[in-house]
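Okay, so here's the structure we're looking at.
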Amino acid sequence: MQEHIVIIGNGISGITCARHIRKNSDKKITVISGETEFFFSRTALMYVYMGHQKFEHTQPYENWFWKKNRINLLKKYVSEIKTDENALVFQDGNTLQYDKLIIAVGSKPNKFGWTGQDLDGVMGMYHKQDLEKIEEYSQNCKRAVIVGGGLIGIEMAEMLRSRNIPVTFLVRENSFWNGVLPKEESEMINRHILEHHIDLRLGMNLKEILADENGKARAVIIPETGEEIPCDLVGLTVGVSPNIDFIKSSNIEVNRGVLVDRCLQTNIKNVYAIGDCAEQHQAIGSRRNIEAVWYTGRMMGETLAQTICDNPKEYKPGNWFNSAKFLDIEYQTYGWVWAKPKPEETHFYWEHKSGKKSIRLVYNTQTNVFLGMNVFGIRVRHEVVDRWLTEQQHVYNVLSQLKDANFDPEFYEQYEFEILAKFNHDNNTNIKVQKTNWKRILNLIK
Amino acid sequence: METHLKSYKIMNTKHSSYAISNPHKIDLDGVQKASFGSAILGVLFLAAAFLGVQFPDTRIVLAISLSLIIVGTAIYARRTYLLQPEGIKNNHVWFNPLTSRGVWAWVLSIILTSFYIVLYWFPKYLGLQAGTSGKNTGLVVFFDPLSNLLHGKDANQWFVYGTLYTVLIVALGIKFIYKYRHNKYQVVRTSVVMGSQVLFAYVIPEILATLNLNDATNTQGKYLGWYDTDLKNVWPLDYDFFSKWHLDAMQVPDYQPLGMTYLIWGIVLFLVVTPFLSYLVGKRWYCSWICGCGGLAETAGDSFRQLSSKKLSSWKLERWMIHLVMVFVFVMTAATLYGYFANTGTIFGLSIYTYFQKPYGFLIGAAFSGVVGVGFYPLLGNRVWCRFGCPMAGYMGLFQRFKSKFRITTNGGQCISCGNCSTYCEQGIDVRFYAQKGQNIVRSSCVGCGVCSAVCPRGVLKLENGLNDDATRYIEPEVILGNDIDLMKYTKK
């Protein structure tokens, strides 16, 4: 009898884990989700609303894939986990036995107890059901208000603007996402938001959401100005937190998320947690205890599959990286780039005259070791930058070999000479641009 | 930038403006309405000519009609795209009935399909020699002035077709350039494919005919024959290159030295240039940069690229079909050449014309590449012919897959599986399947249009020519970049 692995959640973490368990073993695998029958890319929901894709396009595998790979799918919501009996109880009352359980239930949108936060027409943007709600309340929507200036907030603004719905965007900080982005990049995005005719309100919060006679949102009130903004749709995009309410009654130890050790195991021996809902007892390096990012979810899935297949591995993420797209401006980041330089760091920043492209290099002031990089409107090669970080390259080497990292499409204007000229000017150095070298890029030079 | 800062301040005050028009419907402004209307009017003139309307001065009406189509489309595109910031413009693609197999897609598909059927088999209905004593009428006579101007002859259906084809590539190529103005690869590539059509397929052949170096009649009134003077139209796409009539025409003394030059060029192009360029840059040098079929697909067909099927079963079908057509053209041509050198019309007792050339010309040359290939743009996507049929694509695909520097590089672990790349791949390649595994994309069918890379929201894909080396070009990584997991089994010491 094969061991039965049950995975709750069919997002990137759970599905990556299931696929890798199948690759490495013959174990019986069941994936449970109440949200959708098949795995889809959550990050692509916005493109369905905007009409770039149909929902089926967000599904990375054809529907026959699961049966062919003997991954059983169950479309149900779990209401309780009975770890003593190795059993799950579903909302419909049925139960399921497992040998090992993997919790990969992701996040849910935050709500901070505002008056009116549960009215009709108020929604987050996370689940497929949220998308359906946004679609519904977009009909005849005269104005939408989005609360919370983060990655999901700006995506939701882009979505609504694609339908020509006027959008007011309330951002608590005095510049967009400036807890993460340094001042210059953050201001670049402020400008770009305005270019898209989004009514950006920096330094403004939500006081309450007012209801009409049918219990539907009709306006929001801003405490800073006392202003009442009439609207038909309110997007709450003030971050996410682990979606673990149904676990709290179980024996599994939770804090904000499901607490796991470095092997992603909970306090219960045969129960694991991965992805957005997993919380490390102790943060790994400069990472957060809870990492709600696509890439980390995927890595945890990859890693745990090894452990499940009798090759125990710790979750050991490499150099930090992330990416996003702010309306039309792409963003990639590698290593650690803090909004404000740490005392031992120097930041070098170059911005193109268009105000839509930039690069920031972070290095140690004493040793000149390269620590991280932000790029906006320019693409760079993950492999090359990752190697620079691992090898703790001198920032002068990074600069002179910057062309190796350029990943923009062919014929694009390249800015390495301009970037180096600025660096040389600012630092009184004389670093020269080296030509692109394929052997270096592919790490073929010994 | 200063104006942005100003509006930023205004918008941050208490009384910000709600003056953005709403809800939802984006009305066309005056310029858009006028330019769009002009383009439609240009098409209506063509329709009227087709229906037999007689114009007082065909020359002027034809000039107005074609100018309206090109200029109207260009102004409309300019106005529409320049009103918005640079970026990807795929909003509402799957809501628009024209681009999501709705009613308008079916209407257009029926019109296009009918046009090709008439063009190939019933040119009389276009007006070819339909009048009294064999004079042209209808759409064909409408193009007589231009044909006379260019090479001193009345038009025929192929002249009408060639002109409209070129006009479409130019008009909708301009639209494409405005749409992708932020993407230099797209701008350069589209400019080249437009130039290639205008110059190689249209202007140069017309000039050569005017100079009596092709399609000429000698002083005794004897017609000397026609050969293909489109420099880029290469066998096996140009499947009758080795037909007797074509080889003979290229050897006509009056056409020398040009005729023989074309003959040698045709052979060198197939045997040397094609493999070499496909090795260096992949088959894109042809398919999305200079090919006429590709040119139409990338410009007029751009709105339909998302309709190609990405199913695994379609890929299987594709490999069978394209390679069968390739074998078919090789066998047909071998029989043709045998007939030419042995000076016979039969091979193994079978008529070369009836059993080889005619079926290929009918099934592949006309029905597949024309009727289905273009007629079904709005239903099956803009590359049906290129993907399932074109023997030239099949031939170059072998180099691209097995011996080439070209690949689409996947950028480490940055893929978020969103699916835009696959959705907008006109060749139906499931690009995401590779990208999300951190694997480069090396597929024989990729025509190198670069749209997957353009629509990727995370900067994951790059078309490039690197090293011809399987290890760095094609291998699937065990672990996606970013994870430091060591896959070596724990060994118990």
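Reminder, nothing fancy here: chain letters follow the sequence lines and each chain counts from 1.
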* To the nearest 0.5 Å, how far apart are OG in A:Ser354 and CD in B:Glu86? -> 8.0 Å
* **Between A:Phe411, A:Trp438, A:Phe407, the one whose heavy-atom pairs under 4.5 Å with chain B are most numerous** => A:Phe407
* So which of A:Thr16, A:Thr58, A:Ile222 has the biggest tally of heavy-atom pairs under 4.5 Å with chain B? -> A:Thr58
* Looking only at non-hydrogen atoms, find the nearest pair between A:Ser41 and B:Ser417 and report the distance. => CB-O, 3.1 Å
* Structure fact -> In terms of heavy-atom contacts, B:Gln436 and A:Pro60 come closest through OE1-CB, 3.5 Å
* Structure fact -> So OG1 of B:Thr472 and CD1 of A:Ile441: to nearest 0.5 Å the spacing works out to 10.5 Å
* To do: Would you indicate whether the side-chain heavy atoms of A:Arg381 and B:Thr409 approach each other to under 4.5 Å?
  => yes
* To do: Take B:Gln414 and A:Gln332 through the test side chain to side chain contact (heavy atoms under 4.5 Å, CB included) and record every step on the way to the result.
  => CA-CA 9 Å; B:Gln414 288 279 22; A:Gln332 297 180 345; 4.2 Å; yes
* Is there side-chain contact between B:Leu312 and A:Trp64, with heavy atoms separated by less than 4.5 Å? -> yes
* Structure fact -> When rounded to the nearest 0.5 Å, the distance separating SG of B:Cys456 from CZ of A:Arg379 is 5.5 Å
* Asked: B:Leu461 versus chain A, heavy atoms under 4.5 Å apart: side chain, backbone, both or neither?
  -> backbone
* Heavy atoms from other residues, nucleotides or ligands near CH2 of B:Trp104 exceed 12 (cutoff 6.0 Å) -> no
* Taking every heavy-atom pair that is under 4.5 Å apart, which of A:Arg42, A:Gln59, A:Glu187 has the most such pairs with chain B? -> A:Gln59
* Structure fact -> When B:Ile88, B:Val93, B:Asn91 are each screened for side chain to side chain contact (heavy atoms under 4.5 Å, CB included) with A:Met50, the one that passes is B:Asn91
* Asked: Are the side chain of B:Lys462 and the backbone N or O of A:Asp408 linked by a donor-acceptor pair below 3.5 Å?
  -> yes
* To do: Mind listing the closest non-hydrogen atom pair of A:His52 and B:Tyr424 along with its distance?
  => O-OH, 2.7 Å
* To do: Examine whether an atom of B:Asn465 lies under 4.5 Å from a heavy atom of chain A, and if so say whether it belongs to the side chain, the backbone or both; otherwise answer neither.
  => both
* Structure fact -> Max heavy-atom pairs within cutoff under 4.5 Å with chain B, candidates A:Leu327, A:Thr303, A:Val384, goes to A:Thr303
* Do B:His92 side-chain atoms and A:Gly51 backbone N/O form a donor-acceptor pair below 3.5 Å? -> no
* Could you check if a side-chain atom of B:Pro457 sits within less than 4.5 angstrom of a side-chain atom of A:Tyr47, using non-hydrogen atoms only? => yes
* To do: Considering non-hydrogen atoms only, spot the tightest contact between B:Pro85 and A:His196 and give its length.
  => CG-NE2, 3.6 Å
* Where does A:Arg298 contact chain B at under 4.5 Å (heavy atoms): side chain, backbone, both or neither? -> side chain
* Please confirm whether the backbone N or O of A:His382 pairs with a side-chain atom of B:Asn411, one donor and one acceptor, at under 3.5 Å? => yes
* Rounded distance [0.5 Å steps], CZ in B:Phe95 versus OH in A:Tyr49 -> 8.0 Å
* In terms of side-chain geometry, is the basic nitrogen of B:Arg189 or A:Glu410 positioned less than 4.0 Å from the acidic oxygen of its partner? -> no
* Between A:Tyr412 and B:Asn183, does a side chain to side chain contact (heavy atoms under 4.5 Å, CB included) hold up when you go through it step by step? -> CA-CA 7 Å; A:Tyr412 269 45; B:Asn183 188 315; 3.3 Å; yes
* To do: Please flag which part of A:Val48 lies under 4.5 Å from any non-hydrogen atom of chain B: side chain, backbone, both or neither.
  => backbone
* **Flag, side chain of A:Thr43 to backbone of B:Ile416, donor-acceptor distance under 3.5 Å** => yes
* Does any heavy atom of chain B fall under 4.5 Å from the side chain of A:Trp320, the backbone, both, or neither of them? -> neither
* Is the backbone of B:Arg458 close enough, under 3.5 Å, to the side chain of A:Tyr331 for a donor and an acceptor to pair up by distance? -> no
* To do: Report yes or no: does B:Asn483 contribute a side-chain atom to a donor-acceptor pair with the main-chain N or O of A:Glu302 at less than 3.5 Å?
  => no
* To do: To the nearest 0.5 Å, tell me how far A:Lys439 NZ sits from B:Leu467 CG.
  => 7.5 Å
* Do you know which of B:Leu481, B:Ile485, B:Val479 has the most heavy-atom pairs with chain A at a distance under 4.5 angstrom? -> B:Leu481
* Verdict with supporting geometry, B:Lys311 and A:Glu62, side chain to side chain contact (heavy atoms under 4.5 Å, CB included) -> CA-CA 7 Å; B:Lys311 288 183 182 160; A:Glu62 289 184 62; 3.5 Å; yes
* **Among the listed options B:Ser422, B:Gly459, B:Gly412, the residue most often paired with chain A at heavy-atom distances under 4.5 Å** => B:Gly459
* **Which atoms of B:Gln84 approach chain A - backbone, side chain, both or neither, heavy atom under 4.5 Å** => neither
* **Option in A:Pro317, A:Gly203, A:Pro409 with maximal non-hydrogen atom pairs under 4.5 Å from chain B** => A:Pro317
* Is it true that A:Glu56 and B:Lys310 make a salt bridge, defined as a side-chain N closer than 4.0 Å to a carboxylate O? -> no
* Structure fact -> Counting heavy-atom pairs under 4.5 angstrom with chain A, the leader among B:Gly482, B:Gly87, B:Ala471 is B:Gly482
* Under 3.5 Å, side chain of A:Trp294 to main-chain N/O of B:Cys415, donor-acceptor pair present? -> yes
* Side chain A:Glu413, main chain B:Lys184, donor-acceptor under 3.5 Å -> no
* Asked: Between A:Val380 and chain B, which part of the residue has a heavy atom less than 4.5 Å away: side chain, backbone, both or neither?
  -> backbone
* Structure fact -> So, the part of A:Tyr334 with a heavy atom under 4.5 Å from chain B: the answer is side chain
* Among the options B:Ala454, B:Ser453, B:Ser100, B:Gly450, pick out the one with the most heavy-atom pairs lying under 4.5 Å from chain A. => B:Ser453
